[in-house]
Amino acid sequence: MPNLFSRLLSRGADKQLKEFQQIAQLVNEQEEAIQALSDEQLQHKTQEFKERFSQGETLDELLPEAFAAVREASRRVLGMRHFDVQVIGGIALHHGTIAEMRTGEGKTLVSTLAGYLNAIPEKGVHIVTVNDYLARRDSQQMAQIYNFMGMKVGLLQNGMQLSDKKPSYSADVTYGTNSEFGFDYLRDNMVTQASQRVQRGHYFAIVDEVDSILIDEARTPLIISGAGTKSATTYKDFARAVRDLKPELDFDMDEAKHTIAATDTGLKKIETRLGIDNIYADMSGQLVNHLQQALKAQYMFHRDQQYVVADGEVKIVDEFTGRIMEGRRYSEGLHQAIEAKEGVYVREENQTLATITLQNYFRLYDKLSGMTGTAMTEDAEFREIYHLPVQAIPTNRPVQRRDLDDLVYRTVDAKFNAVAQDVIKRHAKGQPCLVGTVSIESSERLSRILDKRGIKHEVLNAKFHEREAQIVAQAGREGAVTIATNMAGRGTDILLGGNPDELAREFMREQGLNPDEVDEPIFNEFKIRAKSVCEREKKEVLAAGGLCVIGTERHESRRIDNQLRGRSGRQGDPGVTQFYLSLDDDLMRLFGGDRMDRIAGLMEKYQMPDDMPIKAKLVTKAVEGAQRKVEEINFAMRKNVLDYDDVMNTQRQVIYEERNKILDGKDLVAHIHEVTQDTVERFTTHFCSQDLDPDDWDLEGLKKWMIDLTGNEEVPNLPDSGSYDELVDFVYDFVEDCYREKSERLSDDIMKELSAQVMLRVIDTRWMAYLQEMDYLKTGIGLRGFGQRDPLVEYKTEAFAAFTELVNTMYEDFLRTILHIELMASPAPHENTNLEAARYSGPQDVDGDHGPKHFRDLESPHADGKPAPYRKSDQDPYAHVGRNEECPCGSGLKFKNCHGRNR
């Protein structure tokens, strides 16, 4: 059945490819006419396209001419003319599909075609890359084409000031990383003024290295957090308590499923060391979470594999790209547990302020597309999660690379020795070698072996990522040996013979010159010298067989293996790839199954020496089967993250939509009557239900609630006879009178501004508390599976109930706050009727269900731009004033409602 489904999909893809090829032919037909245009005429085409679009022409109709214009602009500005296959790739991007293009086929240039066309409606195009370096490099290179055609290019970088981001987003095309776009979306939904927002919608995105961003990084949601309050000593205590436990006796661990749990024996040991009688007696579940994270940190997360310790900090290593993920931290206390284990400073655990998964962020776009060298293995996931089909684009030249069968050794030592021997042999004949490893530990182990054998080499891993582009660019030089952790999203082509630009820079540095500061004529001199060296070395490398890619271990994903392979044989170059495996490799050990056991049995039976590899179809099938198992597990993990975030996604959109309405000028004052009616009815029903006899009504409780809500202690006696409706009307009239009295003292503009700021603060406080509540719920919800209840269904039910409560009480918090806030006119030399200072003057402990604590700190700008809060002097100037007298400050309020509250 799967084969039939695959055939149907491929048949559909072939049909679509033919359609794209026909459109590409239309682009070629426009080329002669476009080439005949002068620079000014070509540049004017942008304005012409915009006018034609505004008059009703579609982007599909504009495509052939627009693509031809970009192709010509690229030829004139960069000296690069898009190949026909690149035009097909651009068409695929425009149609909202993933273009799978081999390494070296020029994906960066392809994006300019779809980017330019989709920028014509002036809604903004986002081009998403995997790191800041690629975003900066691509934007600088491709900006030349956009600028020539009269379009602006923006760039987002980590650490950029918010004031610089708005111009970047207002540009026609904006380059940045996935996390920067995602975090800006979250930040935009935390601002208190509309002018502080930087994004302007989500129209069209092109995601470079789409598999790395939408698949690999999608396991971890984006989280903006604030400082929490947990003590570091708790993490240190647990780190000490879980040390030196014995596997199987004290804890059970399943590395394949990433799960670990203490046994009864282990639990008793841990509780004794901590001096706790029963960890599970903690109703909040915090101690259980501490235990779980401490066990994970100690036995499942290893230094120089999942993380490194640099400058006294624990830094996460991206398992797919081998890069350090600066600023990223594990959530739910895991990062603190690792810090405690490593003995570095334990930073406080953070509270979630805003969060979204990458899947849900990218699903915000009206149109989404992507490009990568390897996407077909994840086609089903792209279709299911993002509704993105994958279209394989043919290569510009036939692939000449040879992919040799895997060699399997019995032990890891034998495998590494074989790799070293192969490298030495190829190095001797001048063939460049790129050796891929899956961890920093493996790369350093191989480096030590090559050092002993006297082989000069470069190491590219998370510890040396600063020199990344330089190392990769020169990996194709004669006899070069490069060891790299992973090659996903490196974004730099390996040119046979070396990269002349990078070599010229190297020559300059050798002579003590700074490449970024030399004049162009000097740079060109060095470049001419570098070109001749590269051309000579290219001939030698081609004669030696091109770039050899050696894998020291199969990765969990076939896609990552293919990315490593794809570094060899670019643009029709010759090349060879070879993977070396051992039976002790993690992938084989954890997921190999029966086939691996049979292979190990055969090697044992025939007493094969350690240095003799086996090469058979059985091995290849076993490896592919193991990889498929891991891919299924990883997909399930990503799907699980998404399933839980989907529960909150609708709720998040409701909250953000409400915030945006307020920021965009929604008149809250007009909704007060409706809100008041709803709030009064709910609480009157709570204290005095219609189902109860009037004698059983809790009128005293209702009266206390009215005082708490309005801050007015002079509540008239409630009617103890009459109907329920009459009681509701009585309470409603009282609250309305309090509100009306306040409104009459202020102008409409002040009330509108005050209402907006108060409502935003209420929404944010409620939403943050809700997120924290959901974090705690998610931590322990899995335990409900032991009670034969689906944790996800339980989570949905409780999240729905909690969110309903949040929405129901949001306007009650708003009413309470608006009725408690009083305005204090500060003495000023000039008249000013604007809101000068606002102060929360209600009960001191207003929190949780009764709204935020900090409204007493709320201040509005004075006319001169400086805050002017009321300051109480050492001697009270109002000591003689009675509570019900008019306040001497001239506000027209009773003293008890004005300065009397600050006495």
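What you are looking at is a predicted structure, and each value in this text was computed from that prediction instead of being measured.
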Among side-chain atoms of His94 and Ser369, is any donor-acceptor pair under 3.5 angstrom?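 No donor-acceptor contact under 3.5 Å links the two side chains.
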For Thr577 and Asp403, does a side-chain donor sit closer than 3.5 Å to a side-chain acceptor?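 Asp403 and Thr577 do have a side-chain donor-acceptor pair below 3.5 Å.
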Is it the case that the side chain of [X] and the backbone of [Y] share a donor-acceptor pair, with hydrogens and angles ignored and the cut-off at 3.5 Å?
X	Y	value
Gln86	Gly106	yes
Thr129	Asp208	no
His427	Val423	no
Glu100	Met376	yes
Glu217	Ser212	no
Asp561	His555	yes
Gln474	Asn499	yes
Ser568	Leu547	yes
Thr97	Ala92	yes
Gln400	Gly572	yes

Aromatic ring proximity, centroids under 6.0 angstrom, His82 and Phe67: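 Ring centres of His82 and Phe67 not closer than 6.0 Å.
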Answer yes or no: is there a side-chain heavy-atom contact under 4.5 Å between [X] and [Y]?
X	Y	answer
Val110	Leu93	yes
Asn178	Tyr361	no
Leu495	Cys534	no
Ile145	Tyr116	no
Arg505	Phe523	yes
Leu214	Ile385	no
Val173	Met142	no
Val623	Phe579	no

Give me the atom names and distance for the closest heavy-atom approach of [X] to [Y].
X	Y	result
Val390	Ala375	CG1-CB, 3.8 Å
Leu564	Gly551	CD2-CA, 4.1 Å
Thr482	Ala475	OG1-CB, 3.5 Å
Thr108	Arg137	OG1-NH2, 3.8 Å
Glu553	Ser442	OE1-OG, 4.5 Å

With Thr374, which of Gln563, Glu209, Arg558, Arg559 fulfils side chain to side chain donor-acceptor pair (under 3.5 Å)?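 It is Gln563; the other options fail the test.
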Pairwise distance [atom1]([X]) to [atom2]([Y]) - rounded to 0.5 angstrom:
X	Y	atom1	atom2	value
Asp585	Thr552	CG	OG1	8.0 Å
Lys527	Phe507	NZ	CZ	13.5 Å
Leu407	Ser582	CG	OG	12.5 Å
Met612	Arg410	CE	CZ	11.5 Å

Please indicate whether [X] has more than 12 foreign heavy atoms, meaning atoms of other residues, nucleotides or ligands, lying under 6.0 Å from its [atom1].
X	atom1	result
Lys429	NZ	yes
Lys531	NZ	no
Met637	CE	yes
Arg397	CZ	no
Arg102	CZ	no
Arg445	CZ	yes

What residues, two or more places apart in sequence or in another chain, satisfy side-chain hydrogen bond (donor to acceptor under 3.5 Å, both in side chains) together with [X]?
X	result
Lys538	none
His302	none
Arg426	Asp422, Gln431

Result of checking Leu446, Val419, Leu434 against Ile483 for side chain to side chain contact (heavy atoms under 4.5 Å, CB included):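 Single side chain to side chain contact (heavy atoms under 4.5 Å, CB included) partner of Ile483 among Leu446, Val419, Leu434: Leu446.
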Would you please classify the geometry between the Tyr365 ring and the His126 ring as parallel, tilted or perpendicular, with 30° and 60° separating the classes?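 His126 vs Tyr365 ring planes: perpendicular.
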Specify whether Tyr175 and Tyr146 have parallel, tilted or perpendicular ring planes, treating 30° as the upper limit for parallel and 60° as the lower limit for perpendicular.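 Taking Tyr146 first and then Tyr175, their aromatic rings stand perpendicular (interplane angle over 60°).
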